[in-house]
A.B. asks: 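Provided herewith is a single structure, encoded as structure tokens, for subsequent inquiry.
Note that this is a predicted model, so its numbers are computed, not measured.
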Amino acid sequence: AAKGKDLCFICHEAMQKRMTGRFIHGPVAMGDCIACHDPHQSDAKFQMRKPTTSALCISCHENNKTNREFLHGPVAAGDCNVCHNTHASDYKFQLEAEGNVLCFLCHEDRKAEFTRKSVHKPVSESCSQCHDNHSADYKFLLKKEGVALCLSCHAPMEEKIKAMTVKHGALKQGRCTSCHTPHSSNYVRQLKQSTKQICYGCHKDIGSRVLASKYLHGPVQQDDCYACHDSHGSDFTNILKKFFPPEFYMEYRTENYAICWDCHNKDVALTEVTTTLTGFRNGNRNLHFVHVNQKKGRSCKACHEPHAGDQEKHIRPDVPFGSGGWKLPIQFT
């Protein structure tokens with residue numbers, strides 16, 4: 001008479017094909033079908049010895065997959081066999097498919113999020129880099145919360161954030177995903193939208209001014225807020241990449257306008273007499289030098305809008321004059 005699995009296969013011959021693969025469940029490998037199935041009767045489907053798959057699994061496996069606040073749907077429903085093949089599989093842990101392919105068997109509606117131009121590296125490797133497959137203490141089954149999860153890979157950014165004195169408001173609120181998508185994006189740096197759309201989403205006053213203006217500062221026109229600002233933070237006011245004086249008047253030093261001289265010729269503020277450096281002259285007398293290079297030098301922002309304006313070279317319509325709040329019109333031609 002046949003014994004063990006051979007006895008079962010007399011009737012369940014078709015099941016033999018499901019018992020093969022690189023990774024075979026222990027009881028199957030030992031031919032012990034009745035470790036999981038009652039050969040006579042049961043209140044559970046497939047004559048299982050326990051009412052749910054998970055209840056059966058934890059009779060052998062340590063019950064450490066369901067003890068946290070947020071449970072994966074199949075885990076919460078007690079359906080281990082949604083992801084795992086209970087008999088055998090070609091994939092590690094007897095999974096039904098490998099890597100992200102397994103996740104998309106259920107999360108097919110989210111698949112488009114993972115196929116855009118710029119794909120987050122963990123996404124291209126495995127969803128389980130960031131998410132726990134069974135349960136987690138954090139929403140969306142994340143292994144850590146918010147910024148902590150991002151910084152577990154982006155360690156250099158963590159050091160930078162700790163060191164900088166002026167932090168971007170969005171970063172202080174602790175939400176990397178305010179600006180970045182965690183899966184994939186059609187924009188650089190995995191931004192949710194183009195740079196200016198991201199920035200203007202919060203900085204609505206600047207966005208409105210730019211959109212309503214005729215003349216835009218070069219970086220603004222090129223959608224490059226990063227040219228002047230560090231999007232996470234810096235050691236300078238307004239999270240500028242280099243120093244710019246917050247004061248209206250300041251004794252002139254080249255280093256005080258470091259952010260401007262990254263693109264513009266610093267000699268325009270150092271040369272008293274010229275016929276070539278600038279069109280802002282009285283004959284050959286350089287009026288940039290006159291206004292800026294002195295003990296009580298004016299800031300570049302005295303005359304120029306840093307983002308956009310309605311006059312060429314984004315010249316302001318007026319400039320503060322004196323201490324009484326009066327503004328001197330700049331009738332630029």
A.B. asks: How many angstroms lie between atom CD of Gln129 and atom SG of Cys153, to the nearest 0.5 angstrom?
C.D. replies: 6.5 Å
A.B. asks: Nearest 0.5 Å please: distance from the SG atom of Cys60 over to the CG atom of Asn63.
C.D. replies: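 That separation rounds to 12.5 Å.
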A.B. asks: Same cluster or not: are Val290 and Val292 linked, directly or through other Ile, Leu, Val, Met, Phe, Trp or Tyr residues, by side-chain heavy atoms under 4.5 angstrom apart?
C.D. replies: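 They do not share one cluster, since no chain of ILVMFWY contacts under 4.5 Å joins Val290 to Val292.
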A.B. asks: Transitively linked via ILVMFWY side-chain contacts under 4.5 Å: Leu287 with Ile330?
C.D. replies: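 Result: no, two separate clusters.
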A.B. asks: Under a 4.0 Å threshold between the charged nitrogen and the carboxylate oxygen, would Asp230 count as salt-bridged to Lys160?
C.D. replies: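 A salt bridge is present here (some side-chain N lies under 4.0 Å from a carboxylate O).
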A.B. asks: Can you find a heavy atom in the side chain of Tyr215 that is under 4.5 Å from one in the side chain of Lys313?
C.D. replies: no
A.B. asks: Do Val28 and Met15 share a hydrophobic cluster, counting only Ile, Leu, Val, Met, Phe, Trp and Tyr and linking them when any side-chain heavy atoms are less than 4.5 Å apart?
C.D. replies: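 Same hydrophobic cluster.
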A.B. asks: Determine yes or no for a side-chain-to-main-chain donor-acceptor pair under 3.5 angstrom, with Gln94 supplying the side chain and His84 the backbone.
C.D. replies: no
A.B. asks: Could you check whether any side-chain N or O of Asn293 sits under 3.5 Å from a backbone N or O of Ala269, counting only pairs where one atom can act as donor and the other as acceptor?
C.D. replies: yes
A.B. asks: Does the side chain of Tyr226 come within less than 4.5 Å of Ser231's, by heavy atoms?
C.D. replies: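 The answer is yes; the side chains approach within 4.5 Å.
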A.B. asks: What distance separates Cys179 SG from Ile198 CD1, expressed to the nearest 0.5 Å?
C.D. replies: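 Between atom SG of Cys179 and atom CD1 of Ile198 there are 5.5 Å.
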A.B. asks: If I compare all heavy atoms of Asp267 with all of Asn265, which pair ends up nearest, and what's the gap?
C.D. replies: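 Nearest heavy atoms, Asp267 then Asn265: N-OD1, 2.9 Å.
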A.B. asks: If you count heavy atoms of other groups shown closer than 6.0 angstrom to CZ of Arg285, is the number above 12?
C.D. replies: no
A.B. asks: When you measure from the side chain of Arg281 to the backbone of Gly283, do you find a donor-acceptor pair of N or O atoms at a distance under 3.5 Å?
C.D. replies: yes
A.B. asks: Would you say His131's side chain and Phe140's backbone share a donor-acceptor pair under 3.5 angstrom?
C.D. replies: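 The answer is yes, because a donor-acceptor pair under 3.5 Å joins these two groups.
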A.B. asks: Determine yes or no for a side-chain-to-main-chain donor-acceptor pair under 3.5 angstrom, with Gln311 supplying the side chain and Arg316 the backbone.
C.D. replies: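 Yes.
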A.B. asks: Between Asn81 and Thr86, which heavy-atom pair has the shortest distance, and what is it?
C.D. replies: CB-CG2, 3.9 Å
A.B. asks: Is the number of heavy atoms from other residues, nucleotides or ligands under 6.0 Å of Gln197 CD greater than 12?
C.D. replies: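 Yes.
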A.B. asks: Counting only heavy atoms not in Phe321 (residues, nucleotides, ligands), do more than 12 fall under 6.0 Å from its CZ?
C.D. replies: no
A.B. asks: Of all heavy-atom pairs between Ala29 and Ile24, which one has the smallest distance, and what is that distance?
C.D. replies: N-CG2, 3.6 Å
A.B. asks: With a 4.5 Å limit on heavy-atom distance, are the side chains of Val210 and Tyr200 in contact?
C.D. replies: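 Result yes, sub-4.5 Å side-chain heavy-atom pair found.
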A.B. asks: Is a side-chain donor or acceptor of Asn133 paired with a backbone partner of Ser128 at a separation under 3.5 angstrom?
C.D. replies: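 Judged by distance alone, no pair lies under 3.5 Å.
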A.B. asks: Between Asp132 and Arg68, does any NZ, NE, NH1 or NH2 come within less than 4.0 Å of an OD or OE carboxylate oxygen?
C.D. replies: yes
A.B. asks: Tyr138 versus Glu69: any side-chain heavy-atom pair under 4.5 Å?
C.D. replies: no
A.B. asks: Would you confirm whether Ser42, through its side chain, and Met48, through its main-chain N or O, come within 3.5 Å as a donor-acceptor pair?
C.D. replies: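 Side chain of Ser42 to backbone of Met48: a pair is present.
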A.B. asks: I want to know whether His307 and His217 have ring centres closer than 6.0 Å.
C.D. replies: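 Centroid distance His307-His217: not below 6.0 Å, so no.
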A.B. asks: Quick one: does any side-chain atom of Ser208 pair with a main-chain N or O of Lys204 as donor and acceptor, under 3.5 Å?
C.D. replies: yes
A.B. asks: Looking at Lys301, I'd like to know if its NZ atom is crowded, meaning that more than 12 non-hydrogen atoms belonging to other residues, nucleotides or ligands lie closer than 6.0 Å.
C.D. replies: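 At most 12 heavy atoms, drawn from other residues, nucleotides or ligands, come within 6.0 Å of this atom.
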A.B. asks: Above 12 or not: heavy atoms from other molecules or residues under 6.0 Å from CD of Glu255?
C.D. replies: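 Check passes, neighbour count above 12.
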A.B. asks: Can you tell if the side chain of Tyr257 reaches within under 4.5 Å of the side chain of Pro245, non-hydrogen atoms only?
C.D. replies: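 Contact flag for Tyr257/Pro245 side chains = yes.
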A.B. asks: Under a single-linkage definition using a 4.5 Å side-chain heavy-atom cutoff for Ile, Leu, Val, Met, Phe, Trp and Tyr, are Leu270 and Leu277 assigned to the same hydrophobic cluster?
C.D. replies: no
A.B. asks: Would you call Arg110 and Glu113 a salt bridge, using N to O less than 4.0 angstrom?
C.D. replies: yes
A.B. asks: Flag the pair Leu102 / Cys83 as yes when at least one side-chain heavy-atom distance between them is below 4.5 Å, and no otherwise.
C.D. replies: yes
A.B. asks: Give, for atom CG of Asp262 and atom CG of Leu240, the distance between the pair rounded to the nearest 0.5 Å.
C.D. replies: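 Spacing of CG (Asp262) from CG (Leu240) equals 11.0 Å.
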A.B. asks: In Å, rounded to the nearest 0.5 Å, how long is the span from CG of Asn256 to OG of Ser299?
C.D. replies: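 One finds 10.0 Å between CG of Asn256 and OG of Ser299.
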A.B. asks: Kindly give the heavy-atom pair with the smallest separation between His229 and Asn238, and that separation in Å.
C.D. replies: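 Looking at all heavy atoms of both residues, the closest pair is ND1-O, 2.9 Å.
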A.B. asks: Quick one: are His180 and Leu191 in side-chain contact, heavy atoms under 4.5 Å?
C.D. replies: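 The answer is yes; the side chains approach within 4.5 Å.
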A.B. asks: Who passes ring pair (Phe, Tyr, Trp, His ring centres under 6.0 Å) against His291, sequence neighbours left out?
C.D. replies: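 With sequence neighbours excluded, His291 shows a ring pair (Phe, Tyr, Trp, His ring centres under 6.0 Å) to Phe280, given in chain and number order.
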A.B. asks: Looking only at non-hydrogen atoms, find the nearest pair between Gly309 and Ser213 and report the distance.
C.D. replies: O-CB, 3.6 Å
A.B. asks: May I ask you to decide if the ring planes of His203 and His168 are parallel, tilted or perpendicular, using 30° and 60° as cut-offs?
C.D. replies: parallel
A.B. asks: With distance as the sole test, does Asp79 use its side chain to make a donor-acceptor pair with the main-chain N or O of Pro74 at under 3.5 Å?
C.D. replies: no
A.B. asks: On the 0 to 90° scale, with breaks at 30° and 60°, tag the His288-His304 ring pair as parallel, tilted or perpendicular.
C.D. replies: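 Correct class here is parallel.
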A.B. asks: Relative to each other, are the rings of Phe236 and Phe243 parallel, tilted or perpendicular (30° and 60° limits)?
C.D. replies: perpendicular
A.B. asks: Can you establish whether the number of heavy atoms outside Glu13 located under 6.0 Å from its atom CD is more than 12?
C.D. replies: no
A.B. asks: Are any of the side-chain heavy atoms of Cys228 and Phe244 separated by less than 4.5 Å?
C.D. replies: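 No, side chains not in contact.
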A.B. asks: Would Lys167 and Lys172 satisfy side chain to side chain contact (heavy atoms under 4.5 Å, CB included), going step by step from the backbone distance to the final call?
C.D. replies: CA-CA 6 Å; Lys167 292 179 175 61; Lys172 285 195 289 188; 3.7 Å; yes
A.B. asks: Going by the angle between their ring planes, with limits at 30° and 60°, are His87 and His37 parallel, tilted or perpendicular?
C.D. replies: parallel
A.B. asks: Let me confirm one number: the CD1-CZ distance from Ile34 to Arg49, rounded to the nearest 0.5 Å.
C.D. replies: 6.0 Å
A.B. asks: Let's go through Asn85 and Leu95 carefully: what are the C-alpha distance in whole Å and the side-chain angles of both, what is the deciding distance for side chain to side chain contact (heavy atoms under 4.5 Å, CB included) to 0.1 Å, and is it a yes or a no?
C.D. replies: CA-CA 6 Å; Asn85 190 305; Leu95 292 171; over 6 Å; no
A.B. asks: Centre of Tyr252's six-membered ring, under 6.0 Å away, within 45 degrees of the axis: is that where NZ or CZ of Arg298 sits?
C.D. replies: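 The answer is no; the distance or angle limit is not met.
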A.B. asks: Is it the case that the side chain of Ser135 and the backbone of Lys65 share a donor-acceptor pair, with hydrogens and angles ignored and the cut-off at 3.5 Å?
C.D. replies: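 Yes, because the side chain of Ser135 sits within donor-acceptor range (under 3.5 Å) of the backbone of Lys65.
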A.B. asks: Are Leu105 and Tyr91 linked, directly or through intermediate hydrophobic residues, by side-chain heavy-atom contacts shorter than 4.5 Å (ILVMFWY only)?
C.D. replies: yes
A.B. asks: Within a 6.0 Å radius of atom NZ on Lys327, are there more than 12 heavy atoms belonging to other residues, nucleotides or ligands?
C.D. replies: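 Incorrect, the count does not exceed 12.
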A.B. asks: Which heavy atom of Ala212 sits nearest to which heavy atom of Asp310, and what is that distance?
C.D. replies: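 Heavy atoms of Ala212 and Asp310 come nearest at O-OD1, 3.8 Å.
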A.B. asks: Taking atom CD of Glu145 as the centre, report whether more than 12 heavy atoms of other residues, nucleotides or ligands fall under 6.0 Å from it.
C.D. replies: no
